[in-house]
Asks: 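Sharing a structure with you now.
As the structure lists them, so they are numbered: ligands from 1, and atoms in each ligand from 1. Start at 1 with the first residue, then count along the sequence.
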Amino acid sequence: MVIVAPSILSADFTRLYDEIKAVTDAGAEWLHIDVMDGHFVPNITIGPVVVENIRKKTSLFLDCHLMIEHPEKYIDAFIKAGADLITIHSESIPKPLIVIRQIKESGAKAGISINPETPFEKIRHLIPEVDLVLIMSVHPGFSGQKFIDDVIPKLKQASEAIKKTKKQIYLQIDGGINDQNAGLVKSNGANVLVAASFIFKNKDYRTAINQLKEA
Ligand code: DX5
Ligand code: ZN
């Protein structure tokens, strides 16, 4: 079964609660929260205070994608705010394993992510340590970008490495996901599909989510 994780980056922030309720009613199980610091990526978005407020209003699984430098400084704040899963970028820190352990010891799930230009080999050794692997299919920073097809072989590599562990590790893909490529990413092993614009720019969230689930 594939999980669809709407990214609130393309939601109407003036009506954030209504937007979260709408994707919940439309069948979303996770909520993807894009955290950007203006350093690791050129954009600035959401911090722990927003996650804390979202947590008060929803029981959805909160999937926090940290596109920030020094993620180790902010893990406690996101855990305290109610994150269920925290994904860090392998490019953001020299020793990601220390932060992965920090997340898990705090009781949350931990994910590791790689940018489109980062080879899978950079994170292969981390696979048995994480709960989720995130393959970025756009350059992180903004929603609404075009899916980069070149990441498909890397998705497959990650899927094969995950199978070898015999552990339940999610394989997430994020960036430019829509009804045209959802089938392709699923057939290459992705089981958590993040989508911002495809869902929130659609008039009918249920139809959009179902299209991703059934593609
Ligand atoms: C990009 C973010 C994505 C983004 C996806 O840096 O990590 O989660 O919101 O947006 P779409 O689905 O519009 O590509
Ligand atoms: Zn994301």
Asks: Report the nearest protein non-hydrogen atom to atom 14 (O) of ligand 1: residue, atom name, distance rounded to 0.1 Å.
Replies: G176 N, 2.7 Å
Asks: Quick one: does L16's side chain get under 4.5 Å of K57's, heavy atoms only?
Replies: no
Asks: State the atoms of ligand 1, each with its element, that fall below the 4.0 Å cut-off from a heavy-atom position in H32.
Replies: 8 (O)
Asks: With heavy atoms of L9 as the reference, note each atom of ligand 1 found under 4.0 Å away.
Replies: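 Per the distance check, 9 (O).
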Asks: Ligand 1 and S7, any nitrogen or oxygen pair closer than 3.5 angstrom?
Replies: yes
Asks: Looking at the Zn ion (ligand 2), which N/O/S atom of H65 is the nearest one?
Replies: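 Output for this pair reads ND1.
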Asks: Check whether any N or O atom of H65, backbone or side chain, sits under 3.5 Å from an N or O atom of ligand 1, and answer yes or no.
Replies: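 Yes; the residue has a nitrogen or oxygen that sits under 3.5 Å from a nitrogen or oxygen of the ligand.
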Asks: Considering distance alone, does some N or O of G144 sit under 3.5 Å from an N or O of ligand 1?
Replies: yes
Asks: Hey, is CD on E121 packed in by over 12 heavy atoms from elsewhere, all under 6.0 Å?
Replies: yes
Asks: To check your reading of the model: name the closest protein heavy atom to atom 13 (O) of ligand 1, its residue, and the distance in Å.
Replies: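 The answer is S197 OG, 2.4 Å.
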Asks: Would you indicate whether the side-chain heavy atoms of F78 and V35 approach each other to under 4.5 Å?
Replies: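 A side-chain contact under 4.5 Å exists here.
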Asks: If the plane angle is over 60° it's perpendicular, under 30° parallel, otherwise tilted; pick one for F40 and H89.
Replies: tilted
Asks: Regarding D63 and H65, do their side chains bring together a donor and an acceptor under 3.5 Å, going by distance alone?
Replies: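 Side-chain D/A pair, D63 to H65: absent.
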Asks: Among all the protein's non-hydrogen atoms, which is closest to atom 6 (O) of ligand 1, and how far away is it?
Replies: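 Heavy-atom neighbour on the protein nearest atom 6 (O) of ligand 1: G141 N, 2.7 Å.
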Asks: Check whether any side-chain heavy atom of D34 sits under 4.5 Å from a side-chain heavy atom of M67, and report yes or no.
Replies: yes
Asks: Is the shortest N/O to N/O distance between A196 and ligand 1 below 3.5 Å?
Replies: yes
Asks: Would you give the angle at the Zn ion (ligand 2) between D34 atom OD1 and H32 atom NE2, to the nearest 10°?
Replies: 90°
Asks: Of all N, O or S atoms in D174, identify the one at the shortest distance from the Zn ion (ligand 2).
Replies: OD2
Asks: With side chains defined as the heavy atoms from C-beta onward, is the minimum distance between M136 and V194 less than 4.5 Å?
Replies: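 Side-chain contact under 4.5 Å: no.
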Asks: Got V185 and I152 here, is their nearest side-chain heavy-atom distance under 4.5 Å?
Replies: yes
Asks: Hey, does D34 come in under 3.5 Å of ligand 1, counting only N/O atoms on both sides?
Replies: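 N/O-N/O distance below 3.5 Å exists for this pair.
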Asks: Would you kindly specify which portion of F198 sits under 4.0 Å from ligand 1, judged on non-hydrogen atoms: side chain, backbone, both or neither?
Replies: neither
Asks: Does any non-hydrogen side-chain atom of T45 lie less than 4.5 Å from one of F13?
Replies: no
Asks: At less than 4.0 angstrom from any non-hydrogen atom of F142, what atoms of ligand 1 do you find?
Replies: 1 (C), 6 (O)
Asks: Are any of the N/O atoms on M67, whether in the backbone or the side chain, positioned under 3.5 angstrom from an N/O atom of ligand 1?
Replies: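 Looking only at distances, the answer is no, because the N/O contact criterion of under 3.5 Å is not met.
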Asks: Under a 4.5 Å cut-off applied to non-hydrogen side-chain atoms, are K154 and I114 in contact?
Replies: yes
Asks: For atom 3 (C) of ligand 1, find the nearest protein heavy atom and state the residue, atom name and distance (0.1 Å precision).
Replies: D174 OD1, 2.9 Å
Asks: Quick one: does M136 get a heavy atom under 4.0 Å from ligand 1?
Replies: yes
Asks: Relative to the heavy atoms of A195, which atoms of ligand 1 are at a distance of less than 4.0 Å?
Replies: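 Atoms satisfying the 4.0 Å criterion: 12 (O).
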Asks: Counting from 1, what ligand 1 atoms have a heavy atom of P140 closer than 4.0 Å?
Replies: 6 (O)
Asks: Using a strict cut-off of less than 4.0 Å between a Lys/Arg side-chain nitrogen and an Asp/Glu carboxylate oxygen, indicate whether K213 and E29 qualify as a salt bridge.
Replies: yes
Asks: Taking a cutoff of less than 4.0 Å between a non-hydrogen atom of the residue and any ligand atom, is M36 in contact with ligand 1?
Replies: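 Within the 4.0 Å threshold, so yes.
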Asks: As an exercise, identify every atom of ligand 1 less than 4.0 angstrom from a heavy atom of V194.
Replies: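 Close to V194: 8 (O).
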Asks: R101 vs E129, test: salt bridge (charged side-chain N to carboxylate O under 4.0 Å, His left out). Steps then yes/no.
Replies: CA-CA 8 Å; R101 291 197 172 139; E129 307 282 344; 3.5 Å; yes
Asks: Would you call Q157 and R124 a side-chain contact if the rule is heavy atoms closer than 4.5 Å?
Replies: yes
Asks: Any atoms of ligand 1 less than 4.0 Å from a non-hydrogen atom of G175? List them with their elements.
Replies: 14 (O)
Asks: With respect to V138, determine whether any N or O atom, backbone or side chain, lies less than 3.5 Å from an N or O atom of ligand 1.
Replies: no
